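Everything below concerns the one structure shown next.
Just so we're clear, the structure is a prediction, and the values are computed from it rather than from any experiment.
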Amino acid sequence: MTSHATGAPVGDRAQGDRALWDRAAVGDEAAFSELFERHVEAVWNHAYRLTGSWSGAEDLTSTTFLTAWRRRADVTLVRDSALPWLYTVAGNAARDEHRGAGRRLRLLRKLPDPPVVSDHADAVAERLDGEQRLREIVDAVRTLPKAQRAVVELCLLGDLSVADAAAALAVAEVTVRAHLSRARARLRTLLEEK
């Protein structure tokens, strides 16, 4: 069996993550670079699903790997794979950014509106229905209770198994399944209203 994110055999990749992370934890930059190359596409895809924005996904991916480098000595891998931990970091960073954006937006609302200038890029962006739908989904996910949101980010947006999400969140698999079921029902209701 091979990983859809890297094309490498799953067992070899997971076993390799542990060995690479151990080397990176003591400062081996080449080992960390290999981990980066192995997981950057999957993390970027997850970040895109969390943000609905290409540039936001790039920023979030950078933040995730910067955090991974800074915290490499105290990271606990799930089933000897770095991906669940990286997805968790990306989810936390996305929530932090969303809260920060809300604060910035409240500050900007206090300023007078600038004159409106039409931009061709804005017109093209508005026509991309797929991105708009993804933004609606991301907004709906943000309204979920914290536990449900974390499970959705890992299982539905991050494509982790229930077992891996349970290990990453340090909860029972049945808890993950329950949160996932409730979140799906709530998301279906929210998205049908739009």
Side-chain angles (χ1 to χ4, degrees), residues 1 3-6 10 39-65 67-68 76-79 81-106 108-109 122-194:
M1 178 164 53
S3 164
H4 69 280
T6 66
V10 171
H39 296 300
V40 67
E41 183 179 342
V43 171
W44 187 91
N45 287 332
H46 183 63
Y48 181 74
R49 290 185 298 260
L50 290 172
T51 64
S53 160
W54 287 23
S55 62
E58 289 171 5
D59 292 344
L60 192 54
T61 300
S62 296
T63 299
T64 298
F65 281 99
T67 301
T76 302
L77 301 185
V78 174
R79 300 184 203 273
S81 173
L83 207 50
W85 186 83
L86 292 168
Y87 280 175
T88 301
V89 170
N92 290 338
R95 283 187 293 282
D96 289 347
E97 174 55 33
H98 181 68
R99 283 191 296 271
R103 286 190 294 272
R104 289 188 295 278
L105 185 59
R106 286 189 295 277
L108 287 175
R109 285 185 182 142
D122 290 340
V124 170
E126 289 176 7
R127 283 185 251 135
L128 298 175
D129 291 338
E131 281 197 35
Q132 178 59 34
R133 184 66 174 161
L134 183 57
R135 284 189 199 103
E136 290 173 3
I137 292 168
V138 168
D139 289 343
V141 168
R142 287 181 178 141
T143 67
L144 294 172
K146 182 180 177 181
Q148 290 178 17
R149 185 176 60 237
V151 168
V152 166
E153 288 172 353
L154 292 175
C155 293
L156 299 183
L157 300 179
D159 203 24
L160 284 183
S161 69
V162 169
D164 287 349
L169 297 170
V171 297
E173 288 182 35
V174 69
T175 302
V176 172
R177 282 190 191 93
H179 287 313
L180 202 51
S181 176
R182 288 184 193 109
R184 280 183 173 140
R186 177 75 178 133
L187 288 172
R188 194 174 305 113
T189 301
L190 288 171
L191 294 172
E192 286 173 356
E193 291 173 357
K194 293 192 178 219

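Pairing each heavy atom of G158 with each of H46, the nearest pair is CA-ND1, 3.1 Å. Taking every heavy atom of both residues into account, A82 and L77 meet most closely at CA-CD2, 3.6 Å. Considering all non-hydrogen atoms of both residues, V162 and C155 come closest at CA-SG, 4.3 Å. Across A183 and V152, no two heavy atoms sit closer than the pair CB-CG2, 3.3 Å. Nearest heavy-atom pair, L156 versus L180, reported as atom, atom and distance to 0.1 Å: CG-CD1, 3.8 Å. Annotation for G52 and V138: closest pair N-CG2, 4.2 Å, computed over non-hydrogen atoms.
Proximity of V43 to L83: side-chain heavy atoms (C-beta onward) are separated by under 4.5 Å at one or more points. V89 has its side chain out of reach of F65: every pair of non-hydrogen atoms, C-beta onward, lies at least 4.5 Å apart.
When atom types are taken as modelled, the side chain of S181 and the backbone of R177 share no donor-acceptor pair closer than 3.5 angstrom. At least one donor-acceptor pair under 3.5 Å links the side chain of T143 to the backbone N or O of A140.
Rounded to the nearest 0.5 Å, atoms CG (D59) and OG1 (T51) are 9.0 Å apart. With rounding to the nearest 0.5 Å, the separation of CZ in R184 from OG1 in T189 is 14.0 Å. R49 contributes atom CZ, which lies 5.5 Å from atom OH of Y87 (distance to the nearest 0.5 angstrom). Atoms CD1 and CZ, from I137 and R142 in turn, are 12.5 Å apart once rounded to the nearest 0.5 Å.
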